[in-house]
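Encoded as structure tokens, here's the structure I'll be asking about.
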There are 2 protein chains.
Amino acid sequence: MSQSLDLKSAGLKSTLPRLKVLSLFESGNECHLSAEDVYKKLLAGGEDIGLATVYRVLTQFEQAGLLIRHHFQGDKSVFELNQGKHHDHIVCLQCGVVEEFYDATIESRQKKAAADRGFAMHDHSLYIYADCTKLKCPNNPFKKSLP
Amino acid sequence: MSQSLDLKSAGLKSTLPRLKVLSLFESGNECHLSAEDVYKKLLAGGEDIGLATVYRVLTQFEQAGLLIRHHFQGDKSVFELNQGKHHDHIVCLQCGVVEEFYDATIESRQKKAAADRGFAMHDHSLYIYADCTKLKCPNNPFKKSLP
DNA sequence: AACAATAATGAGAATGATTATCATTCGCAA
DNA sequence: TTGCGAATGATAATCATTCTCATTATTGTT
């Protein structure tokens, strides 16, 4: 019942579709999922859910702080569980594998850059696009099919 | 005729639509424009151009290195003239005003973060979302109408 | 300067991701 | 358990962007 408590404290009713989506993120080691990914994974797992509901639930979870939304390549949103530890991302342009990192110096210099110019920083997004030099490609379950 | 030289050296034929789009970016102080912005500004200026052409030309200019594409809020692309000086962006969440900055420390730590994890950095995008504390909002011609 | 080969344009259709609509169903408090 | 308001899901609609294809413009060559 821990999940339904999560939903309750987030101000959301505990419904089947929401529990299914939350389970997927909490159980999986595959952290960065698009709406389409979530939809297909649930269907593949025998669960029944509507695509519109997936989009709605993801947005609600984002607003409730349970998930974080990213725009890695600009086209579609991907979501990951918010585990309270802020981090930035390195995305391999060849295979799409995502690695997380945190650099305290970058964080503080960002805040200072904003403050120096009269801005109060709310949030920031930093994505490094790189080549994993084939070290990680073979193990990436979301490997892109290159054209 | 300097513009048609720009296009030539970029490997692009010098056509009217391309010259119009390039002029808009080179003349304006309003640096960050979406395809829709470009289209509407040209029409408003009495120029005749098709929206499909605007999209095509912007993509060609990006590939030729004349423009840089950004995804500030994830929904639509915005473009700015590539003036050779890399920089990152601070975007005001209230009025949408954009300010550029460069921090050598952030740049080098990004490269190091990637290298330390076995990635060769190709590119990166860093956007700081902030509140300009009303200092700049009144002067922003692209001021957003807040809901 | 006119020509032909070729690429570029523009109007509108098509696509892909996401959101809105609305009748039906579900969760929860009384 | 019962009922009300919120949630769901199938589908239509929307938004940004890309594709199609007939027409037009550009450029190197006569």
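Letters A, B, ... are given to chains in the order of the sequence lines, protein chains preceding strands, and every chain is numbered from 1. Values below: every heavy atom of this structure, side chains too, minus hydrogens, waters and symmetry copies.
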Query raised in the report: Once you round it to whole Å, what is the distance between P of C:dA11 and CG of B:L51?
Result: 10 Å

Query raised in the report: Nearest-Å distance, CG (A:L58) to P (C:dT18)?
Result: 9 Å

Query raised in the report: Are a donor atom and an acceptor atom from the side chains of A:H89 and A:E80 found within less than 3.5 Å of each other?
Result: yes

Query - Whole angstrom value for the distance that separates C1' of D:dA7 from CG of A:L19 - result: 13 Å

**Report entry** Parallel, tilted or perpendicular, as decided by the 30° and 60° cut-offs, for the rings of B:F72 and B:H32
**Finding:** tilted

Query raised in the report: When we call it a touch if two heavy atoms are under 4.0 Å apart, what does B:R56 touch: a base, just sugar-phosphate, or nothing?
Result: base

Query raised in the report: Hey, does the side chain of B:K41 reach the backbone of B:E36 with a donor-acceptor pair shorter than 3.5 angstrom?
Result: no

Report task. For the helix from C:dA1-D:dT30 to C:dA30-D:dT1, figure out the bend between the end axes, five pairs an end, and round to 10 degrees. Result -> 30°

Report task. Calculate the interatomic distance between A:K40 atom NZ and C:dG16 atom C1'; express it in whole Å. Result -> 12 Å

Report summary line: With sequence neighbours left out, the residues meeting side-chain hydrogen bond (donor to acceptor under 3.5 Å, both in side chains) with A:K112 are A:D116

Query - Test item: B:N82 side-chain N/O and B:G65 main-chain N/O as donor-acceptor pair under 3.5 Å - result: yes

Query raised in the report: So what does B:S34 hit on the nucleic acid, given a heavy-atom distance under 4.0 Å: a base, only sugar-phosphate, or nothing?
Result: nothing

Query raised in the report: Rounding to a whole Å, what distance do you find between B:I49:CD1 and C:dG12:C1'?
Result: 17 Å

Could you go through nucleotides 23-29 of chain C and list every protein N or O atom that sits under 3.5 Å from one of its N or O atoms, giving the distance for each pair?
from: C:dC28; atom 1: OP1; to: A:S14; atom 2: N; distance (Å): 3.4

Report task. Between B:R69 and A:Y39, just flag the one whose closest nucleotide in DNA chain D comes earlier from the 5' side. Result -> A:Y39

Requested in this report: Return the value, rounded to whole Å, for the distance between atom CG of B:L43 and atom C1' of C:dA11.
Outcome: 14 Å

Report task. Determine: side-chain N/O of B:Y55 to OP1/OP2 of D:dT18, distance under 4.0 Å, yes or no. Result -> no

Query - B:L33, B:L43, B:V57, B:V78 screened by side chain to side chain contact (heavy atoms under 4.5 Å, CB included) with B:V38, the one that passes - result: B:L33

Requested in this report: For B:D48 and C:dA8, give me the distance from atom CG to atom C1', rounded to whole Å.
Outcome: 15 Å

Query raised in the report: From the list D:dG9, C:dT9, C:dA11, which nucleotide is the closest neighbour of the side chain of B:R18?
Result: C:dT9

Query raised in the report: Are the side chain of A:H70 and the backbone N or O of A:I68 linked by a donor-acceptor pair below 3.5 Å?
Result: no

Report task. Can you spot which of A:T59, A:L51, A:T53 makes a side chain to side chain contact (heavy atoms under 4.5 Å, CB included) with A:Y55? Result -> A:L51

Report summary line: Value for OH (A:Y129) from CG (B:D123), rounded to nearest 0.5 Å, stands at 8.0 Å

Query raised in the report: Starting at NZ of B:K76 and ending at C1' of C:dT19, how long is that distance when rounded to a whole Å?
Result: 16 Å

